Protein chains: 2
Amino acid sequence: MALRYAVLGLLSKEHLTGYDLTQKFHSHISHFWNAHHTQIYRELQKLEKEGLVSYDLVQQHERPDKKVYTLTDHGLQDLLGWMAEPPKPPSMKNETLLRVSLFHLIPPDQAVQYLEASRQTHVEVLNAMKQWGELHLGSADAPPSYELIGETLTLDFGMRFIQTWIDWCDYAIRMFRSFPE
Amino acid sequence: MALRYAVLGLLSKEHLTGYDLTQKFHSHISHFWNAHHTQIYRELQKLEKEGLVSYDLVQQHERPDKKVYTLTDHGLQDLLGWMAEPPKPPSMKNETLLRVSLFHLIPPDQAVQYLEASRQTHVEVLNAMKQWGELHLGSADAPPSYELIGETLTLDFGMRFIQTWIDWCDYAIRMFRSFPE
DNA sequence: ACATGCATGTAACATGTTACATGATTTA
DNA sequence: TAAATCATGTAACATGTTACATGCATGT
């Protein structure tokens, strides 16, 4: 029930095509949501049938037509209603942690190897986030405009989250190293 | 592709019925995975057809029969093969952050109210985790046995994760308070 | 009397993933 | 010459959610 609100939310800022939306998902909100283009096209069709979005056909030279989607009044009302719903407890689904919970099945050096690879992946993600923030939000020290407050806060959470991963990987590696092999 | 490994992983420790598995999902691994009983029954049927698990019918007095599932050799091999796969970058999907990214659509006091409710929810989850850890894993200071290392580490991550949420909520509330209303 | 627990499921639907398809244009 | 980009999709399948169903036992 939430993919629709990710789409409506992006459309509340700009008029976008399905393709544009896919790009935004990858570039702007991947630290808290993501979707394949196939899902987005399917969702747009449904939202259009329900009257929450409408589209204009735009002809292009030498390219297929594109559908530029717009949020309708009804769509904005639906979105604002959803914004007022109470928060739910977080539910995690993480393949790495699922593996870690079964580490007693494998030898310690394989576990350490896995944790080191995982740490490395997270370091790379964190660097990419920092770069993205500097490019899109400017200095992290200066307070953001009200328009950008949501993006600033979610990026900040994303970076804290990844840092938590890195710290935890270090801790876990130390714990494994303390076991006699 | 990972629910099956959550099921196989639990069955690598004990023989369990579908009902037992549902309980374990809720009580033991909810900080990094979860599933409805309907999913678990469906998955067990598939795993049985593929020969990764088998079951014994156990008759009960005054209750319907139960199927107690066991991991087969084939199932264990499949599980160990999965354990050796490389880690993926984490992918988050979080409704709260999706709302936060759209906070520019609502007035600051509604945003603060939401963040305070979210903080409260996370405090409650953290307390429940602490209690569960004391009950199942004993003192957090003493090093765990190798059998319990996975559960110790995943619970530790869960608690760090929730603490990160709480700290971030405080930061976000301060940021909103600094905006003139 | 009513809810909760034990134990198993079906059905319908929503969401997410992967593979395949088209066809011109631009970049390496 | 190969690939990536723009732009739109279909199809098949896996996973996740919600509602409904059964029937007995125990606790409040």
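Chain identifiers are assigned alphabetically (A, B, ...) following the order of the sequence lines, protein sequences preceding nucleic acid strands; residue numbering begins at 1 within each chain. Treat the numbers as computed from the prediction; the structure is a model and nothing was measured.
- Across the protein-nucleic acid pair, His36(B) atom NE2 and dT18(D) atom P stand 6 Å apart, rounded to whole Å.
- Note on Thr38(B): a base of the nucleic acid sits closer than 4.0 angstrom, heavy atoms only.
- Just one residue in the list Trp82(B), Tyr5(B), Phe32(B) forms a side-chain contact (heavy atoms from CB on, under 4.5 Å) with Arg99(A), and that residue is Trp82(B).
- Where Arg4(A) and Val68(B) meet DNA chain C, the nucleotide closest to each residue was compared, and Val68(B) sits on the side nearer the 5' end.
- Rounded to a whole Å, the CG atom of Asp20(B) is 9 Å from the P atom of dC6(C).
- In this model, the phosphate group of dG9(D) is not approached by any side-chain N or O of Tyr41(A) to a distance below 4.0 Å at OP1 or OP2.
- For Ser101(B) (side chain) and Gly150(A) (main-chain N/O), no donor-acceptor pair under 3.5 Å exists by modelled atom type.
- With rounding to the nearest 0.5 angstrom, the CG atom of Asp156(B) is 8.0 Å from the CH2 atom of Trp168(A).
- Between Lys67(A) and dG9(D), a side-chain N or O to OP1/OP2 separation shorter than 4.0 Å is present.
- More than 12 heavy atoms of other residues, nucleotides or ligands sit less than 6.0 Å from atom NE2 of His136(B).
- Closest to the side chain of Lys46(B), out of dG9(C), dT17(D), dT15(D), is dT15(D).
- If you measure from atom OH of Tyr19(B) to atom C1' of dG9(C), you get 14 Å, rounded to the nearest angstrom.
- At whole-Å resolution of the value, CZ in Arg42(B) and P in dG16(D) are 9 Å apart.
- Atom CG of Leu16(B) and atom C1' of dC6(C) are 15 Å apart (whole Å).
- Taking atom CD of Gln23(A) as the reference point, atom P of dA4(D) lies 15 Å away to the nearest angstrom.
- His26(B) places its NE2 atom 13 Å from the C1' atom of dG16(D), with the value rounded to the nearest Å.
- The phosphate of dG16(D) has OP1 or OP2 within less than 4.0 Å of a side-chain N or O from Gln39(B).
- Protein atom NE2 of His37(B) is 15 Å distant from nucleotide atom P of dG16(D), rounded to whole Å.
- Here the closest heavy-atom approach between residue Thr164(B) and residue Phe161(A) is recorded as CG2-N, 4.2 Å.
- Summary of the strand contacts: Lys66(B) and Ser91(B) both lie near DNA chain C, and taking for each the nucleotide with the nearest heavy atom, the more 5' one is attributed to Lys66(B).
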